[in-house]
Every structure is written in C-alpha cells, then in structure tokens.
Amino acid sequence: MRLAFSGYPTRQMIMQRTLVKDALHSESAQPALLVQGWIRTRRDSKAFSFVEINDGSCLKNLQIVVDATLPDYAKIEQLTTGTAISVEGKLVPSQGKEQKWEMVATRVNVLGPADQTYPLQKKGHTLEYLREIAHLRPRSNLFGCVLRVRSRLAYAIHTFFQERNFVYVHTPIITSSDCEGAGELFRVTCFDPAKPPPLLDGKVDHTKDFFGRPTYLTVSGQLEGEILACALSNIYTFGPTFRAENSNTSRHASEFWMIEPEMAFCDLAGNMDLAEEFVKYLIQDFLTHCREDLELFLRFVDKELLQRLEFVLNRPFKRVSYTEAIDILVKSGKTFEFPIQYGVNLQSEHERFLTEEYFKCPVTVFNYPKEIKPFYMRANDDGKTAAAMDVLVPRIGEIVGGSQREERLDVLQENMKRHKMNAENYSWYLDLRRFGTVPHAGFGLGFERMLMFITGVGNIRDVIPFPRTPGHAEF
RNA sequence: UCCAGAGUAGCUCAAUGGUAGAGCAGCCGGCUGUUAACCGGCGGGUUGUAGGUUCGAGCCCUACCUCUGGAGCCA
C-alpha cells in the first residue's frame with residue numbers, strides 16, 4: 001500500500017518525501033521511502049547505528065537503522081543531535097519493543113550539520129532555558145506539541161463558528177479609537193523620534209502625522225465588531241491584540257491573540273450560552289484530535305490535566321451573579337488578603353476561591369456593578385448593575401470577558417457622559433443606535449489563555465512562539 | 001510597578017566563612033538490536049556585576065542587572 005502524499009520533495013529528490021508521522025502510522029512495510037528531518041538522538045551498536053529523527057509532523061521520532069556496511073559509515077558515527085539529514089531506505093517492522101516500524105537506511109545525506117555547541121541536548125530542559133533559545137525551542141518535544149495544538153486550536157475555532165454561520169471578519173489593527181478602559185496603548189506614528197514633533201499651539205500637531213490623527217495598535221476589535229454584527233448578525237474576529245500595560249505575570253503578554261464573537265439579536269444569557277458551548281467545543285476537539293500531544297502534557301506538564309478537562313466537559317458551568325458571588329465569599333468565612341466588598345472588582349484570590357475551591361469548575365459571573373465596567377455595557381433595570389459576564393476557570397482565572405452591549409441611544413450617551421468621553425469621537429458608534437439598533441452581545445476569549453488551559457502549560461510565554469512582554473521583543 | 005525567592009561548568013544542581021564538586025552533554029576508548037542505552041577515561045569555572053566586612057567570601061553586608069513565583073491591570 002502506498003503512503004499518502006504529505007510532503008513536498010525538493011526538485012533534486014526523485015522520491016516523494018514521507019513525513020515521519022505517516023511512516024509511523026503506515027499500515028504496511030514500504031520497499032522505498034524518503035524521510036527528512038533533524039536528528040534527536042543517536043545510539044551506536046557494533047554493526048549499526050540507531051538514528052532517531054523528528055520532522056515536527058508528530059511528537060514521536062522515527063528510528064533509522066544505519067548498517068555499518070554503508071559507505072561513509074564513519075561519517076554517520078559522527079552525526080550529532082540537531083543535524084538535518086535526508087534518508088532513503090525501506091520501512092520494516094521493528095525488532096525493538098518501543099516502536100512498530102523502523103527504517104533501514106540505504107542512503108543517508110547530511111543536509112545541515114550541527115556541531116557540539118547545539119544547545120538542545122537529548123535530555124529535559126527547563127522552560128526558562130528554552131525561552132532563551134526561542135529560535136530552537138520549536139525543535140523540543142514540549143514546544144513541538146504546543147505548536148501543533150496551537151494550530152489545531154485555531155482550526156477548531158474557525159470550525160466552531162463556521163458551523164454556526166458566524167462570519168469571520170477582520171477588524172483593523174491600526175485604530176484611532178483608544179478603546180476606553182482597555183489599558184495602555186501602543187502608539188503608531190511616523191514622526192521621527194530623533195526630531196521634535198511639529199507643534200500647534202504648544203501641543204503635538206497630529207494632523208501632520210501619517211494618518212492625520214493619533215493612532216494606536218488595537219486593544220480590541222469589539223467596537224468595529226459591533227458594526228459588522230449589526231449588518232451580518234453573527235460575526236467573529238480572530239486576530240492579534242496589543243496592550244502596553246507593564247504587566248509581568250505568567251498570563252499576560254503585550255501581544256496576544258483574541259477571538260471576539262459578536263451577535264446581533266442576542267442578550268446576556270445567549271452570550272453566556274455561546275461562551276460555554278465554545279469553551280467546551282475547543283476542549284473536546286483537543287481531546288479528540290491531539291491525543292499524542294496530550295500524553296506528553298500529562299506526563300511532563302500536569303498529571304491532572306485530563307481529569308480536569310473531562311470534568312469541565314461533563315457538567316454545566318456554574319452561573320452566579322456578582323452579588324451572589326460576593327455573598328458566597330463573605331459567607332465562606334475565609335480571610336482574604338483583599339477584603340470582600342460589594343462594588344469592587346473580584347481579586348485573583350477571590351476568583352480562585354470560587355472556581356478552585358467552592359465550585360471546583362468553571363464559573364460564569366454576571367451582572368457586575370456598572371461603576372466598575374466600561375461605558376458600552378448594557379445597564380440592567382436594577383439601576384445598579386451592567387449586563388457583563390466573565391468566565392473564570394481553575395488555574396488561569398478569567399478566560400472570557402464579555403457583555404450585552406448598550407443598544408439604547410439615550411442610555412449610551414448618558415454612560416459616555418459619566419465616563420467623561422467625547423461623544424464626537426464616537427458618532428459612528430452612536431449611529432448604530434440611531435439607525436436600526438438591536439440588542440446585541442459578545443465576548444473576548446484569550447487564545448493563549450485557552451491554550452494554557454488546554455495544555456496545562458503554566459506560563460503564557462511558553463504557548464507563544466515569540467512572546468512579547470515588557471522589555472522583551474527578541475527574535 | 002510592588003512583594004518574595006534565585007543567579008556556581010554547555011544544561012540541571014551540590015558545596016558549616018577555610019583547596020569549587022556531581023550527574024547529564026562534549027571528546028577518547030570499550031561493550032551492546034539499542035530506546036534520554038550501558039561501562040571506563042579526559043577536558044571543562046573571573047561562582048551575575050560593582051563595591052564593602054574579614055587573616056580568608058560561592059557563602060555575610062550594600063547597590064545594580066537578570067530570571068522565577070505572586071500581586072495589580074486584563075484576555
């Protein structure tokens with residue numbers, strides 16, 4: 001039986017390249033195949049050398065038996081971890097116990113040697129060390145798994161929404177609205193930093209800048225997403241987000257990816273339903289399609305991972321109003337570093353208590369006091385709360401934040417006044433309420449935080465290939 | 001930014017204020033259908049940086065740098 005085509009040979013190659021993954025999953029022996037990859041480890045025997053190569057197509061390596069009678073065998077014996085090689089040979093049942101198939105080489109070409117200074121040894125490395133060599137860590141077992149799962153997760157996100165008739169839209173990365181409440185922004189300018197900027201009445205004259213106004217990298221596509229939802233009904237964005245906060249934690253990055261669905265004709269309850277269905281879908285997809293990578297996370301990252309994911313999958317998220325949450329915290333009798341008080345935001349320790357100790361499952365907290373929420377969230381009839389919701393999960397905390405949006409023009413204008421905002425800058429946003437306004441709602445899900453939750457990896461810097469954090473933009 | 005902890009060989013870590021060491025990796029040799037192979041040998045250090053205390057500092061003190069964990073901000 002012929003192996004499925006899954007590689008692209010260079011022009012000189014006569015044989016089609018077979019991926020390691022396909023070779024390992026072969027249903028039969030193969031008289032001739034070509035495999036290319038990087039050496040992970042090599043062991044010598046008297047009459048031959050065992051070379052294990054990995055090409056990133058899966059976690060496992062392919063064991064290649066190189067017989068000492070091959071020409072240039074002396075060179076084979078010098079091959080070190082990290083070397084890129086191209087191997088022709090046949091696929092045969094392995095005599096060893098650890099693998100079903102192995103390859104007997106008829107020809108080995110060294111494409112790219114790696115000398116003894118190659119930083120990845122054939123042993124476990126700490127995550128901290130791997131971060132210092134972010135250009136090579138994709139070749140490590142753990143990071144290879146993370147990147148394959150990251151890819152699959154992105155795919156599952158699109159599948160989820162496409163199956164539900166959500167339209168994938170692209171909101172701008174460069175924006176002029178300093179999206180209220182979402183923290184510090186990265187400024188986008190073409191002014192020469194070596195020269196003083198043009199002034200007008202003693203202030204920087206932004207009309208002379210590239211866009212003729214102050215511009216920033218987006219902190220959220222939500223406001224633009226609302227525009228598109230109020231035309232296409234259900235939309236989602238999936239793109240990079242930038243926040244210039246000086247946050248130094250294991251779950252914050254200056255550049256991260258976010259998924260933001262927005263639904264017209266939808267209220268807070270519908271929003272919470274979607275968030276829960278979405279999170280569960282992604283977990284299920286991972287458990288179905290990333291089994292081999294899951295095994296590695298279970299072994300080396302988090303022994304309770306599978307247990308926790310199945311637990312989350314198998315029962316409804318707890319839903320409590322902010323007021324109920326405060327009540328639970330007060331009645332718990334626990335002493336917290338930050339005392340519980342109605343009207344202030346839940347602290348990390350409070351969120352952790354709710355999700356890790358009290359409910360022991362994801363918790364959706366809704367109807368927060370309107371004073372601690374942004375202007376665009378819909379005011380509830382009680383006059384005190386806003387139709388906001390956060391999904392909290394064990395270990396990570398907030399993974400989803402969203403709300404029903406204020407669709408009533410007069411209420412929205414009142415909110416903007418209270419937040420001391422200049423309504424002129426948001427005339428387009430107000431127009432949505434002037435012309436055919438509808439109830440609508442949406443949320444943001446942190447892509448990397450979801451990836452952390454799914455893989456058990458504890459630091460956001462280890463689920464992004466090239467993390468950007470304060471003081472760090474290497475690679 | 002704040003609080004706490006840590007910086008010793010390429011990597012992971014030892015070393016009561018008194019001659020800096022091990023495992024792994026590397027190199028050399030041996031054994032072997034091996035599985036992060038195994039056995040023997042060899043090389044490898046400005047102990048994060050700069051000061052200070054001391055007869056003597058990897059260890060004690062001060063400042064700075066870097067990393068880690070936690071907090072705030074949030075996704």
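Below, each value reflects all heavy atoms present in this structure, side chains not excepted, and no hydrogens, waters or symmetry copies. This one's a predicted model, so the numbers in the text were calculated from it and none came from an experiment. Throughout, protein chains are lettered first and strands after them, A, B, ... in sequence-line order, and every chain is numbered starting at 1.
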For U34(B), does either OP1 or OP2 sit under 4.0 Å from a side-chain N or O belonging to R43(A)?
no

NA contact type, Q63(A), heavy-atom cut-off 4.0 Å: base, sugar-phosphate, or nothing?
base

With RNA chain B as reference, determine whether G458(A) or E448(A) sits nearer its 5' end, using the nearest nucleotide of each.
G458(A)

Does any donor atom in the side chain of D67(A) or Y73(A) lie under 3.5 Å from an acceptor atom in the other side chain?
no

Within 45° of the six-membered ring axis of Y342(A) and under 6.0 Å from that ring's centre, is NZ or CZ of K384(A) located there?
yes

For A57(B) and U1(B), measure between their P atoms and round to the nearest Å.
34 Å

Under 4.0 angstrom between R42(A) side-chain N/O and A25(B) OP1 or OP2:
no

Can you pull every protein N or O that's under 3.5 Å from an N or O on nucleotides 63-67 of chain B?
residue	atom	partner	partner atom	Å
C67(B)	OP1	H472(A)	NE2	2.4

Starting from C1' on G69(B), measure out to CZ on R352(A) and report it in whole angstrom.
12 Å

Is the side chain of R449(A) donor-acceptor paired with the backbone N or O of E398(A) at a distance under 3.5 Å, no angle test?
yes

Between C1' of C74(B) and CG of N246(A), the distance in whole Å:
14 Å

Tell me whether the OP1 or OP2 atom of G70(B) has a side-chain N or O from S250(A) closer than 4.0 Å.
yes

N or O in side chain of N248(A) less than 4.0 angstrom from G69(B) OP1/OP2:
no

Tell me whether the side-chain N/O atoms of S45(A) come closer than 4.0 Å to OP1 or OP2 in A37(B).
no

Determine the Euclidean distance between corresponding P atoms of A25(B) and C39(B); express it in Å to zero decimal places.
10 Å

Does Q347(A) place a side-chain N or O at less than 4.0 Å from the phosphate oxygens OP1/OP2 of G72(B)?
yes

OP1 or OP2 of G72(B) sitting under 4.0 Å from any side-chain N/O of S348(A)?
yes

Let me know the distance between CD1 of I39(A) and P of U34(B), rounded to the nearest Å.
20 Å

Which pairs, protein N/O on one side and nucleotides 3-5 of chain B N/O on the other, fall under 3.5 Å?
none

Measure all distances between protein nitrogen or oxygen atoms and nitrogen or oxygen atoms of nucleotides 39-48 of chain B, and list the pairs falling under 3.5 Å.
none

Under the 6.0 Å and 45° cation-pi test, does R139(A) pair with F143(A)?
no

If we ignore hydrogens and angles and just use 3.5 Å, is the side chain of E349(A) paired with the main-chain N or O of E337(A) as donor and acceptor?
yes

To the nearest angstrom, how far is F338(A) atom CZ from C2(B) atom P?
15 Å

Reckon A47(A) touches a base, only the sugar-phosphate, or nothing at all at heavy-atom distances under 4.0 Å?
nothing

R164(A) charged N/C atom sitting above Y281(A) aromatic ring, 6.0 Å / 45°:
yes

Ignoring hydrogens and angles, tell me if any N or O in the side chain of N367(A) forms a donor-acceptor pair with the backbone of T385(A) under 3.5 Å.
no

CZ of R152(A) to CG of L282(A), rounded to nearest 0.5 Å, is 10.5 Å

Has Y155(A) got more than 12 heavy atoms of other residues, nucleotides or ligands less than 6.0 Å from its OH?
no

Between H135(A) and F466(A), does the ring-ring contact (aromatic ring centres under 6.0 Å, His included) criterion hold? Intermediate values first, please.
CA-CA 8 Å; H135(A) 57 305; F466(A) 310 105; 9.5 Å; no

Taken to the nearest whole Å, CZ/F336(A) to P/G70(B) is 18 Å

Using atom C1' of each nucleotide, how far apart are G33(B) and U12(B) to the nearest Å?
31 Å

Checking Q347(A) against E351(A): is there a side-chain donor and acceptor pair closer than 3.5 Å?
no

Using a 4.0 Å heavy-atom cut-off, does G444(A) contact any base of the nucleic acid, only the sugar-phosphate backbone, or nothing at all?
sugar-phosphate

Using the C1' atoms only, state how far C59(B) lies from G17(B), rounded to an integer number of Å.
7 Å

Start with the C-alpha gap between K60(A) and E292(A), add the side-chain angles, then the distance that decides, and say whether salt bridge (charged side-chain N to carboxylate O under 4.0 Å, His left out) holds.
CA-CA 9 Å; K60(A) 291 209 167 67; E292(A) 191 187 58; 3.4 Å; yes

Could you go through nucleotides 6-10 of chain B and list every protein N or O atom that sits under 3.5 Å from one of its N or O atoms, giving the distance for each pair?
residue	atom	partner	partner atom	Å
G10(B)	N2	Q121(A)	OE1	3.0
G10(B)	N2	Q121(A)	NE2	2.6
G10(B)	N3	Q121(A)	NE2	3.0

If we take the C1' atom in both A36(B) and G45(B), what is their distance in whole Å?
27 Å

T80(A) has its side chain closest, among A25(B), C27(B), G72(B), to C27(B)

Counting just side-chain N and O atoms, does R137(A) come under 4.0 Å of either OP1 or OP2 of C11(B)?
no

Testing F453(A), F256(A), F238(A) for ring-ring contact (aromatic ring centres under 6.0 Å, His included) with F447(A), which one passes?
F238(A)

Whether the side chain of H350(A) engages the backbone of F338(A) through a donor-acceptor N/O pair (distance < 3.5 Å, no angle test) should be reported.
yes

When all nucleic acid strands are considered with a 4.0 Å heavy-atom cut-off, which category describes G124(A): base, sugar-phosphate, or nothing?
base

Have a look at S49(A) and say if it touches a base, only the backbone sugar-phosphate, or nothing, with a 4.0 Å heavy-atom cut-off.
nothing

Tell me, what's RNA chain B's dot-bracket, Watson-Crick or G-U with both distances under 3.5 Å, | for other-strand, [ ] crossing?
(((((((..((((....[..)))).(((((.......))))).....(((((..]....))))))))))))....

Examine the side chains of E276(A) and T364(A) and answer whether a donor and an acceptor come within less than 3.5 Å of each other.
no

Assert: residue with more 5' nearest nucleotide on RNA chain B, out of E98(A) and N459(A), is E98(A)

Output yes when a side-chain donor or acceptor of W101(A) lies under 3.5 Å from a complementary backbone atom of H25(A), and no otherwise.
no

Whole angstrom is fine here: how far is it from NE2 in H350(A) over to C1' in G72(B)?
13 Å

Grab the CG-P distance between L445(A) and C74(B) for me, whole Å please.
17 Å

Students often get this wrong, so: under 4.0 angstrom with heavy atoms, is Q116(A) touching a base, only sugar-phosphate, or nothing?
sugar-phosphate

Regarding E102(A), tell me which of base, sugar-phosphate or nothing describes its non-hydrogen contacts under 4.0 Å with the strands shown.
base

Take a 6.0 Å sphere around OH of Y129(A) and say whether it holds more than 12 heavy atoms from other residues, nucleotides or ligands.
yes

Stacking between F447(A) and A75(B), defined as ring centres under 5.5 angstrom apart with planes under 30°, is that present or not?
no

Please determine whether the number of non-hydrogen atoms from other residues, nucleotides or ligands lying under 6.0 Å from atom NZ of K280(A) exceeds 12.
yes

What residues, two or more places apart in sequence or in another chain, satisfy salt bridge (Lys or Arg N to Asp or Glu O under 4.0 Å) together with E98(A)?
none

Whole-Å distance separating the CD1 atom of I372(A) from the P atom of C74(B):
9 Å

Nearest 0.5 Å, what's the CG-OH distance between L223(A) and Y426(A)?
7.0 Å

